[in-house]
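So the structure is just underneath, and the comments pick up after that.
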Amino acid sequence: MYYIGYDIGSSSVKVALVEAATGKKVIVLNEPQNEMEILSLQPDWAEQDPEMWWQYICTATKRAIKEANIDASKIQGIGISYQMHGLVIVDKEGASLRNSIIWCDSRAVEIGNKAYAEIGVDKCAEHLLNSPGNFTASKLKWVKENEPQVYSKIDKYMLPGDYIALKLTGEVTTTKNGLSEGMLWDYKENKVANWLLDYYGIDQSLTPNIVENFTNQGIVTEKASKESGLPVGIPIVYRAGDQPNNALSLNVLRPGEVAATGGTSGVFYAVTETNSGKSTRVNNFVHVNYSESNPRVGKLLNINGAGIQYRWMRNNTGNESYEEMNEKASQVNVGSEGLVVIPFGNGAERMFNNKSIGSHILNLNFNIHTNAHLYRASLEAIAFSFVYGMECLKDDNATINVIRAGNDNLFRSEIFSNTVATLIGYEIEIYNTTGAVGAARAVGLTDGDFEKFGSAITTNDHVMTFLPLKNKEEYEKAYQKWKQELELILTNK
């Protein structure tokens, strides 16, 4: 018997099949083979057609069943992970009315800022643990203001994962997690933040019914079965945003545990047990094991300019492989002989209160520095931005005991991982897992046994642990120099 998991990203849809009894990976693949298109009709806009996600899910599912050579009738349940904060709107027939306004679209920043100022910092912090910001609720308000004919046809709004659940089951539902990502969950009242909908002039009836994370959330219809290749009647039993799901995949479920992601952008996601949030630089979301009596809140610190800086460097300095770049960088001393890179060239940074400060290469000396120095300085810059982000998390009352990360992207680099571990003073445990695998395994969590779930990950997926290096002084000196350059730039912005 098998479980299937989906991870709907903005670059691709990933699918994983795992053995139901053991959680062992059977196959992991993604569609499309390159990257999905993101439409940017105006600066700072980012949209995707939600029907495109569904088509790639169907293609990937059929491929996974065929390539794994399994009997599809033995798939027993579905788990869904998805890109957070996006807005999908549908009519009474469940058809999407416009492209999804996805997570990295910043058209609604001013709408959220105005709401924050008018509603008040204290109420937002106490009830939402966040500013309304540029999240799903504010994006829906943008549609109401700018596309009234579209808005008038809306039957329900939802998150990207809710749309895929709708395509599979024919039922429109959402979760507390999803609503918290949209700034629509009131932690103090433990219900939908209807007062924010009222402030925005949005009809409360547009909110879907809420289902719990680990329960039967609807079953696959005949239509969905024909299109996807999944058996009729199997249930969706798990749904969560990609960062809470990544944390689950890494056994980050208890206060003091932190999940780290080092892809195009970087993320720290720290689990806490306090319903408090005082910083707009850090966002708080309902974690997958949240309950009113036992609150588990994920504090998320996002770094837009992370791996994309290293990719840019690769694409524009000879197109060497990452392994070759890492090897060259390892020949350069800590601190890159004074060369400093500021890696924030991927749009507005939330941890700088939505400032766009750009990427900078500073102190370049033509007589000393080579591409190896640029590689090392870039890796150090991204690591330093993670360290800076950790300081932001601690300022927002996060407790840190251990950091866990997947065995991919930046965390494959010893320079990056050693620099982060040494400067923050915590071990970084590396695990060989993915979001799609985690979503598939989560199907078996209807029994609520998180201890058993976590111990299986620790036993089967742990690859290595990066320990803080004892010689911290040269790393500290390089970080302080980098931070000084950063703060000069921030002061002038």
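We count residues from 1, following the sequence as given.
Between the T136 side chain and the H85 main chain, a donor and an acceptor come within less than 3.5 Å of each other. Within the 3.5 Å criterion, the main-chain N or O of G133 finds a donor-acceptor partner in the side chain of S138. In terms of modelled atom types and a separation under 3.5 Å, the side chain of D186 and the main chain of V192 share no donor-acceptor contact. In this structure a side-chain-to-backbone donor-acceptor pair under 3.5 Å is missing from Q243 to Y269. Here the side chain of N460 pairs a donor or acceptor atom with the backbone of A456 at under 3.5 angstrom. In this structure, the side chain of E349 engages the main chain of N304 through a donor-acceptor pair within 3.5 Å. Of the possible donor and acceptor atoms, none in the side chain of W53 sits under 3.5 Å from a partner among the backbone N and O of V13. Here the side chain of N245 pairs a donor or acceptor atom with the backbone of G435 at under 3.5 angstrom. Of the possible donor and acceptor atoms, none in the side chain of R296 sits under 3.5 Å from a partner among the backbone N and O of S291. The closest donor-acceptor contact from the side chain of T458 to the backbone of G454 lies under 3.5 Å.
Here the closest heavy-atom approach between residue S417 and residue I428 is recorded as O-CD1, 3.8 Å. Residues V28 and A16 approach most closely at CG2-CB, 4.0 Å, considering heavy atoms. Residue G438 comes nearest to T433 through the heavy atom pair N-OG1, 4.5 Å, listed as atom of the first residue, atom of the second, then distance. Of all heavy-atom pairs spanning A442 and L248, the tightest one is CB-CD2, 3.5 Å. Heavy-atom minimum distance, Y375 versus Y310: O-CE1, 3.7 Å. Smallest separation of non-hydrogen atoms from I119 and C124: CG2-SG, 3.9 Å.
Salt-bridge annotation for R98 and E147: present, with a side-chain N of the basic residue lying under 4.0 Å from a carboxylate O of the acidic one. At a threshold of 4.0 Å, the pair R107-E47 counts as salt-bridged, since one of the basic side-chain nitrogens sits closer than that to a carboxylate oxygen. In this structure, R254 does not pair ionically with E273, as no charged nitrogen and carboxylate oxygen lie closer than 4.0 Å. Here K477 does not pair with E473 in a salt bridge; the nearest charged N to carboxylate O distance is not below 4.0 Å. Comment: K481 does not engage E476 in a salt bridge, judged by the lack of any side-chain N to carboxylate O separation of less than 4.0 angstrom. The pair K394-E391 fails the salt-bridge criterion, with no side-chain N (NZ, NE, NH1 or NH2) lying under 4.0 Å from an Asp/Glu carboxylate O. Salt-bridge annotation for R281 and D396: absent, with no side-chain N of the basic residue lying under 4.0 Å from a carboxylate O of the acidic one. Between K114 and E118 there is a salt bridge, since at least one side-chain N of the basic residue sits less than 4.0 Å from a carboxylate O of the acidic one. With respect to R404 and E257, a salt bridge is recorded, a charged nitrogen being found less than 4.0 Å from a carboxylate O. Under the 4.0 Å criterion applied to side-chain N and carboxylate O atoms, K328 and E324 are not assigned as salt-bridge partners.
In this structure, K123 satisfies the cation-pi test against W195, with its NZ or CZ atom closer than 6.0 Å to the six-membered ring centre and inside 45 degrees of the ring normal. A cation-pi arrangement is present between R314 and Y322, with the terminal nitrogen or guanidinium carbon under 6.0 Å from the aromatic centre and inside a 45° cone about the axis.
Residue R376 holds its CZ atom at 14.5 Å from CG of N371, rounded to the nearest 0.5 Å. Taking OG1 of T422 as the reference point, atom CG of L469 lies at 3.5 Å (rounded to 0.5 Å). Note that CZ of R239 and CG of D162 are 5.0 Å apart. Values are rounded to the nearest 0.5 Å. Rounded to the nearest 0.5 angstrom, N30 CG and S11 OG are separated by 8.0 Å. For the atom pair CG (L374) and CG (L379), the distance works out to 11.0 Å, reported to the nearest 0.5 Å. Annotation: the span from W185 atom CH2 to S180 atom OG amounts to 9.0 Å, rounded to 0.5 Å.
In this model, no donor atom of one side chain and acceptor atom of the other lie less than 3.5 Å apart for Q48 and S10. Between T465 and H462, the side chains place a donor N or O and an acceptor N or O closer than 3.5 Å (distance only, hydrogens not considered). For the residue pair E35 and S12, no side-chain donor N or O sits within less than 3.5 Å of a side-chain acceptor on the partner. Using modelled atom types and a 3.5 Å distance limit, the side chains of S81 and D242 yield no donor-acceptor pair. Remark: the N177 side chain and the N213 side chain contain an N/O donor-acceptor pair separated by less than 3.5 Å. The closest side-chain donor-acceptor pair between Q484 and Q480, if any, does not fall under 3.5 angstrom. One side chain, N283 or N130, offers a donor N or O that lies under 3.5 Å from an acceptor on the other. Checked by atom type, the side-chain pair N365/N363 shows no donor-acceptor distance below 3.5 Å. Side chains of N190 and E292: a donor on one and an acceptor on the other come within 3.5 Å.
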Quiz item: Should L184 and L197 be marked as a side-chain contact (heavy atoms from CB on, under 4.5 Å) after you check the CA-CA gap, both sets of side-chain angles, and the distance that decides it?
Solution: CA-CA 8 Å; L184 283 164; L197 289 174; 3.7 Å; yes
Exercise. Mind running side-chain contact (heavy atoms from CB on, under 4.5 Å) on I489 and I342 for me, showing each step along the way?
Key: CA-CA 9 Å; I489 293 166; I342 303 295; 3.8 Å; yes
Exercise. Could you walk me through whether H369 and E337 pass side chain to side chain donor-acceptor pair (under 3.5 Å), step by step?
Key: CA-CA 8 Å; H369 297 132; E337 295 193 73; 6.0 Å; no
Self-check item: Derivation and outcome, side-chain contact (heavy atoms from CB on, under 4.5 Å), residues I8 and Y56
Solution: CA-CA 9 Å; I8 301 112; Y56 284 130; over 6 Å; no
Practice problem: Begin from the C-alpha positions of F411 and Y431 and carry the test ring pair (Phe, Tyr, Trp, His ring centres under 6.0 Å) through to its verdict. | Solution: CA-CA 10 Å; F411 285 97; Y431 290 83; over 10 Å; no
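Within the 4.5 Å cutoff, side-chain heavy atoms of I303 are placed close to those of F344. The closest side-chain heavy-atom distance from N134 to K139 is below 4.5 Å. Contact of the V18 side chain with the V437 side chain is registered, since non-hydrogen atoms from C-beta on lie closer than 4.5 Å. Between T459 and I457 there is no side-chain heavy-atom pair separated by less than 4.5 Å. The shortest side-chain heavy-atom distance between M464 and I430 falls under the 4.5 Å cut-off. The closest side-chain heavy-atom distance from I102 to Q83 is below 4.5 Å.
For F386 and F416, the gap between ring centers is short of 6.0 Å. Checked against the 6.0 Å centroid threshold, Y475 and F384 do not count as a close aromatic pair. Under the 6.0 Å cut-off for aromatic ring centres, Y163 and Y82 do not qualify, their centroids lying 6.0 Å or more apart. Taking the six-membered ring for Trp and the full ring otherwise, the centers of F214 and F450 sit less than 6.0 Å from each other.
Taking the six-membered ring where tryptophan is involved, the planes of Y290 and Y187 are perpendicular, since the angle between them exceeds 60° and thus also 30°.
Every residue two or more places apart in sequence or in another chain was checked for a salt bridge (charged side-chain N to carboxylate O under 4.0 Å, His left out) with E323, and none qualifies.
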